[in-house]
Amino acid sequence: MSAVNCYVTHLESPIDGTRFAPGLIHGTHLGRPLVVEYDLPGIRAATSPEDWRTRQPGMWRYSELLPLPFDQEVVSLGETATPLLACPRLGKTLGVPRLVIKDESLLPTGSFKSRGMSVAVSMARYLGLKRLAAPTAGNAGGALAAYCARAGLEAFVFMPEDTPVVNRLETVLYGAKAFLVNGLIHECGALVRENAAEFQWFDMSTLREPYRLEGKKTMGLELADQRDWTLPDVILYPTGGGTGLVGMAKAFTELRNLCWLRNETMPRFYACQSSGCTPLVNAWNAGTRHAETVNNAATRASGLRVPGAVGDFMILDAVRQSNGAVIAGDEARIDYQMRRACALEGVPLCPETAVCLEVLEGLVRNGAVGDHEDVLVWNTGAAQKYVECMEHPMQQIDKHKPLVDQLEVASRPRK
Ligand SMILES: *Cc1c(COP(=O)(O)O)cnc(C)c1O
């Protein structure tokens, strides 16, 4: 490592370009996110992709492009590099034989929320914060709770009453102070913000502090690394708050500016939402820069139940620049897509990613995605966390009767 302790130059507002100094506690500016900027020429002089390859696999390998000073201890639960799984059987069914799923279910706490929280909680501890709070509709609460436990910090989590049972239980299990609220996630977020001064907690909501984005950025860095610094043609991403998509776009831009990418063209991003909650789809179709908060948001894909995203314009800009689109998948088809993918490939697909497969079917049907293209879908979480979506009827066997009389023809070996 060089004498430099960190390559962050400043934080910047994408709204009006105002700059902020690194090493201080930051939230939003004008109610909108701040982004971290790096000394890319300095990084280029100090390290290289070959150098990164000599380190342990996983998100912290890219430390020069992360905000934590090198002399600070990382808050980690062992974030592995997640596998790129070729899915030819599922791909053939969908009309894209070169389909690959990047399976984030292997990360600690069973979802990619760990990437954001590992960096954000590391930064919070470094900056001297002791009490962290966040709203969650799904996996963010468990991840915040686990990383706070790991760091010895206090976590406060506010969630809607219909949050999936595993997400509720894990948050308490990891020792957070957890609360059920008779409202949606943006109303839980408002509770966190309005009471921050009184309770002295720091707001860790998606894109309301700058470092979860840097953690999610490692999705893009790791993907490029695993593909030997090339990128796929098409990326489908289940989009709620949008941190992952904005993070990926930031990763690709930084890698391109470092001249470490081999391709000329960037992937087309398809941001996928459930038909039960479509604020970004509405804004995309209307051609507006910001999204209006939707009412009555309802989807089994809890990570996508985000009625209003503070980083809406960053998501829409990234998708537009990539020549992609923001598209809704039919809520009623989530169970079918989830089951088919799990059964065809053994990948524990979450309902959020099931929405992406539904969108992908439509894109292939209307010719927007061709059968020759490299298509990458993010499996953002583990199916096992969604017991509500896993329930399925099973035949009951009577041990007192012969099995041959009970098993249907389909269970017999083929002649
Ligand atoms: C949070 C979450 C999402 C949405 O991620 P954003 O980056 O906030 O858009 C998608 N899938 C799962 C499983 C999630 O937990």
Side-chain angles (χ1 to χ4, degrees), residues 33 82 101-117 119-120 134-146 157 159-160 163-164 166-167 170-171 185-186 188-189 204-209 212-220 235-251 269-274 276-281 291 297 299-312 314-316 318-319 326 329 334 338 347-357 359 377-386 388-389:
T82 62
I101 294 181
K102 187 153 165 67
D103 186 13
E104 300 275 288
S105 72
L106 276 82
L107 286 165
T109 75
S111 94
F112 73 154
K113 290 290 191 294
S114 292
R115 292 185 186 269
M117 289 302 180
V119 172
T136 186
N139 294 309
L144 177 65
V157 177
M159 55 186 112
T163 299
V166 173
N167 297 134
E170 67 177 345
T171 306
I185 184 167
H186 63 296
C188 295
M204 295 286 278
S205 307
T206 285
L207 289 172
R208 286 188 188 274
E209 65 77 57
R212 282 175 67 180
L213 177 62
E214 293 306 293
K216 289 257 188 105
K217 184 178 81 180
T218 64
M219 298 164 70
I235 293 179
L236 287 96
Y237 179 78
T239 310
T243 327
L245 194 140
V246 174
M248 246 187 300
K250 189 171 190 282
F269 285 125
Y270 290 98
C272 308
Q273 297 205 294
S274 157
C277 181
T278 59
L280 296 167
V281 179
T299 168
R300 283 157 81 81
S302 47
L304 307 187
R305 201 165 52 209
V306 183
V310 62
D312 51 6
M314 298 162 84
I315 303 165
L316 295 165
V319 172
V326 186
I334 287 180
M338 187 174 162
V347 181
L349 203 91
C350 65
E352 289 83 354
T353 301
V355 171
C356 294
L357 297 184
V359 168
V377 177
W378 288 89
N379 184 38
T380 43
Q384 298 93 313
K385 297 188 81 175
Y386 300 81
E388 293 88 345
C389 298

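As the structure is a prediction and not an experimental result, all values here were calculated from the model. Sequence positions, counted from 1, serve as the residue numbers for this chain. Indexing begins at 1, ligand by ligand and atom by atom, following the structure's order.
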### Query
Is it the side chain, the backbone, both or neither of Trp378 that has a heavy atom closer than 4.0 Å to ligand 1?
neither
Taking [X] for the side chain and [Y] for the main chain, is one N or O donor matched with an acceptor at less than 3.5 Å?
X: Glu352; Y: Gly303; value: yes
X: Asn139; Y: Gly110; value: no
X: Thr299; Y: Cys277; value: no
X: Asp312; Y: Ala291; value: yes
X: Tyr270; Y: Val359; value: no
X: Asp103; Y: Thr82; value: no
X: Arg300; Y: Glu388; value: yes

Provide, to 0.1 Å, the distance between [atom] and the closest protein heavy atom, together with that atom's residue and name.
atom: atom 11 (N) of ligand 1; answer: Thr380 OG1, 2.7 Å
atom: atom 7 (O) of ligand 1; answer: Tyr237 OH, 2.5 Å
atom: atom 1 (C) of ligand 1; answer: Lys113 NZ, 1.3 Å

Polar contact flag for [X] and ligand 1 (N/O pairs, less than 3.5 Å):
X: Leu304; result: no
X: Thr206; result: no
X: Asn139; result: yes
X: Glu352; result: no
X: Gly381; result: no

Please could you name the atoms of ligand 1 that [X] approaches to less than 4.0 Å, counting only its heavy atoms?
X: Tyr386; answer: 13 (C)
X: Gly244; answer: 7 (O)
X: Gly303; answer: 2 (C), 3 (C), 4 (C)

Does [X] have a non-hydrogen atom less than 4.0 Å from ligand 1?
X: Gly242; value: yes
X: Lys216; value: yes
X: Thr239; value: yes

### Task
Run the numbers on Gln273 and Thr278 for side chain to side chain donor-acceptor pair (under 3.5 Å), then give the verdict.
CA-CA 6 Å; Gln273 297 205 294; Thr278 59; 5.6 Å; no
### Task
Using heavy-atom distances, let me know which of Pro238, Ser111, Gly241 sits nearest atom 8 (O) of ligand 1.
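Nearest option to atom 8 (O) of ligand 1, by heavy atoms: Gly241.
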### Task
Assess the side chains of Thr243 and Arg212: does a donor N or O sit below 3.5 Å from an acceptor N or O?
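Looking only at side-chain atoms, Arg212 and Thr243 do not form any donor-acceptor pair under 3.5 Å.
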#### Entry: Spacing of Leu245 atom CG and Trp378 atom CH2 [to the nearest 0.5 Å]
10.5 Å
